[in-house]
Amino acid sequence: MSKKLKKVCIVGSGNWGSVIAKIVGTNVLNLPHFDNTVTMYVYEEVINGKNLTDIINETHENVKYLPGHKLPENVVAIPDVVDAAKDADILIFVLPHQFIRTICSTLFEKIKPTAIGLSLIKGFDQAAGGGIELISHIITRHLRIQCAVLMGANLAPEVADEKFCETTIGCRDSRVAPYLRDIIQTSYFRVVVVDDEDAVEICGALKNIVACGAGFVDGLDLGDNTKAAVIRLGLMEMIKFVDVFYPGSKLSTFFESCGVADLITTCYGGRNRKVCEAFVRTRKTIKELEDSMLNGQKLQGPITAEEVNFMLKKKEMEDKFPLFTAIHKICNGDIPPEGMIDCIRNHPEHMVKMSLPPEEPETEL
């Protein structure tokens with residue numbers, strides 16, 4: 001990266017995007033290599049007769065997605081994504097994954113060719129002809145820039161309240177990693193950098209599927225023991241998925257914040273768990289609950305489950321990932337939530353161990 005003052009743009013302004021804007025806006029004021037102004041792309045909405053961007057820039061608060069938390073005054077809300085991003089050296093993408101292709105097509109050839117991306121987007125997209133595509137790969141291919149990832153046990157409201165947590169940045173470029181770490185890390189938001197980019201990103205997407213399963217367990221009042229089984233089996237399927245489809249990743253990555261920590265947190269406190277519990281208790285559709293419970297935010301788990309199932313079905317591997325498959329079918333209404341029990345009870349992880357022959361007794365010579 002050049003020695004000129006580096007500019008940062010936050011592409012997205014929802015709950016998590018606003019929290020990251022708060023962190024980055026505060027950090028750049030104390031970093032001599034960075035420009036003090038942080039731009040934030042805000043999808044324009046009208047709140048009580050006034051544009052959301054005007055409200056943010058005048059009150060320094062995102063009253064819709066992060067009410068009660070002040071943003072630094074150097075964070076400037078901009079309703080046009082090209083205007084927000086055109087001069088940035090670091091682009092932090094934090095918006096629902098369904099919108100990334102549209103954003104990339106809008107930004108194509110409108111940003112610095114030397115810009116660096118950092119994706120905080122948890123989810124996959126469907127690849128042409130079947131399978132899934134990682135969001136960071138889409139950004140790299142469409143914008144022709146390198147893109148690192150950030151994932152972790154980071155529930156946005158708790159980070160906004162400055163409660164201590166950890167996160168993981170996956171970045172292969174050792175020259176870029178320190179800059180990304182410095183704009184993100186605080187005394188309460190600790191960063192570990194690893195070079196296993198793909199595994200970090202995949203963990204951030206797959207854990208939302210498992211969280212849906214945890215929500216079904218809560219809705220069925222099955223208790224914490226059953227939820228622990230779902231978390232364990234979910235982690236096993238996450239590891240197997242990476243091993244099958246992205247070989248070469250490191251097992252140690254699953255023990256970073258992006259892995260087991262994010263999985264546990266999301267299965268006990270995330271929106272996917274919350275909505276899927278309500279799905280069981282109310283028997284309303286996922287879409288109805290998303291509209292009534294999430295204040296305009298999008299639920300990632302069911303969409304990610306659908307995208308993963310699309311890939312598994314094409315590869316005839318649904319039976320190899322029974323938990324992911326069952327969660328997808330429950331979200332779609334193909335099987336009732338009670339089907340989770342059979343999935344857990346008959347999971348191959350159990351059956352393989354149960355079918356092992358007894359050890360032969362030692363024979364005295």
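- Cluster annotation: Ile135 and Val11 are assigned to the same hydrophobic cluster (Ile/Leu/Val/Met/Phe/Trp/Tyr, side-chain heavy-atom contacts under 4.5 Å, transitive).
- Using modelled atom types, one side-chain atom of Glu290 and one backbone atom of Leu299 make a donor-acceptor pair closer than 3.5 Å.
- No side-chain donor-acceptor contact under 3.5 Å links Asn208 and Thr304.
- Under a cut-off of 6.0 angstrom, the local environment of CZ in Arg144 is sparse, with at most 12 non-hydrogen atoms contributed by other residues, nucleotides or ligands.
- Looking at Glu61, its side chain does come within 3.5 Å of a backbone N or O of Gly68 through a donor-acceptor pair.
- With sequence neighbours excluded, the residues forming a ring pair (Phe, Tyr, Trp, His ring centres under 6.0 Å) with Phe216 are Phe279, listed by chain and number.
- Ile344 contributes atom CD1, which lies 7.0 Å from atom CG of Leu222 (distance to the nearest 0.5 angstrom).
- The pair Lys250-Asp196 does not count as a salt bridge, with every side-chain nitrogen at least 4.0 angstrom from each carboxylate oxygen.
- Defined by atom type and a distance below 3.5 Å, a donor-acceptor pair is missing between the side-chain atoms of Gln300 and Asn272.
- His60 contributes no side-chain N or O that, together with a main-chain N or O of Lys70, makes up a donor-acceptor pair within less than 3.5 Å.
- Side-chain N or O atoms of Gln146 include none that pairs as donor or acceptor with a backbone N or O of Thr140 at under 3.5 Å.
- Remark: side-chain polar atoms of Ser136 are not paired, donor with acceptor, to backbone N or O of Cys147 under 3.5 angstrom.
- Cluster annotation: Ile111 and Leu118 are assigned to distinct hydrophobic clusters (Ile/Leu/Val/Met/Phe/Trp/Tyr, side-chain heavy-atom contacts under 4.5 Å, transitive).
- Within a 6.0 Å sphere centred on OH of Tyr43, other residues, nucleotides and ligands contribute 12 heavy atoms or fewer.
- Using a 3.5 Å distance cut-off with no hydrogens or angles, the side chains of Thr168 and Glu256 do not pair a donor with an acceptor.
- Considering every non-hydrogen atom in both His69 and Asp161, the closest pair reads CE1-OD1, 2.9 Å.
- In this pair, Phe321 and Phe324 present their aromatic rings parallel. The plane angle is below 30°, not in the 30 to 60° band.
- Summarising the local packing, NZ of Lys274 is surrounded by 12 or fewer heavy atoms from other residues, nucleotides or ligands at distances under 6.0 Å.
- Between Glu237 and His347 there is a side-chain heavy-atom pair separated by less than 4.5 Å.
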Under the side-chain contact (heavy atoms from CB on, under 4.5 Å) criterion, do Val308 and His328 qualify, and how do the steps go?
CA-CA 9 Å; Val308 166; His328 166 66; over 6 Å; no
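- Using modelled atom types, one side-chain atom of Asp89 and one backbone atom of Lys7 make a donor-acceptor pair closer than 3.5 Å.
- Within the 4.5 Å cutoff, side-chain heavy atoms of Ile138 are placed close to those of Arg101.
- Arg345 has a carboxylate O that lies under 4.0 Å from a charged side-chain N of Asp342, or vice versa, which qualifies the two as a salt bridge.
- The hydrophobic cluster containing Leu29, built from Ile/Leu/Val/Met/Phe/Trp/Tyr side-chain heavy atoms closer than 4.5 Å, comprises no other residue.
- A distance-only check finds no donor-acceptor pair linking the side chain of Thr266 to the backbone of Leu263 [under 3.5 Å].
- Annotation for Glu162: atom CD counts as buried by contact number, over 12 foreign heavy atoms lying within 6.0 Å.
- Annotation: Asp319, atom CG; neighbour count of heavy atoms from other residues, nucleotides and ligands within 6.0 Å is above 12.
- Side-chain contact of Tyr65 with Glu45: a donor-acceptor pair under 3.5 Å is present, judged by distance alone.
- Glu197 places a side-chain N or O within donor-acceptor distance of the main-chain N or O of Arg172, the cut-off being under 3.5 Å.
- Salt bridge status for Asp262 with Lys122: present, with a side-chain N to carboxylate O gap under 4.0 Å.
- With Asn51 contributing its side chain and Thr53 its backbone, the two residues share no donor-acceptor pair below 3.5 Å.
- Exactly one of Asp35, Asn74, Ile23 qualifies for a side chain to side chain contact (heavy atoms under 4.5 Å, CB included) with Val28. That residue is Asn74.
- Around atom NZ of Lys320, no more than 12 heavy atoms belonging to other residues, nucleotides or ligands sit under 6.0 Å away.
- Considering every non-hydrogen atom in both Cys343 and Pro322, the closest pair reads SG-O, 3.4 Å.
- Applying the 6.0 Å contact sphere to CD of Glu58 captures more than 12 heavy atoms from other residues, nucleotides or ligands.
- Separation of atoms CD (Glu307) and CD1 (Ile209) is listed at 9.0 Å; rounding is to 0.5 Å.
- Around atom NZ of Lys240, more than 12 heavy atoms belonging to other residues, nucleotides or ligands sit under 6.0 Å away.
- Looking at Glu201, its side chain never comes within 3.5 Å of a backbone N or O of Leu134 through a donor-acceptor pair.
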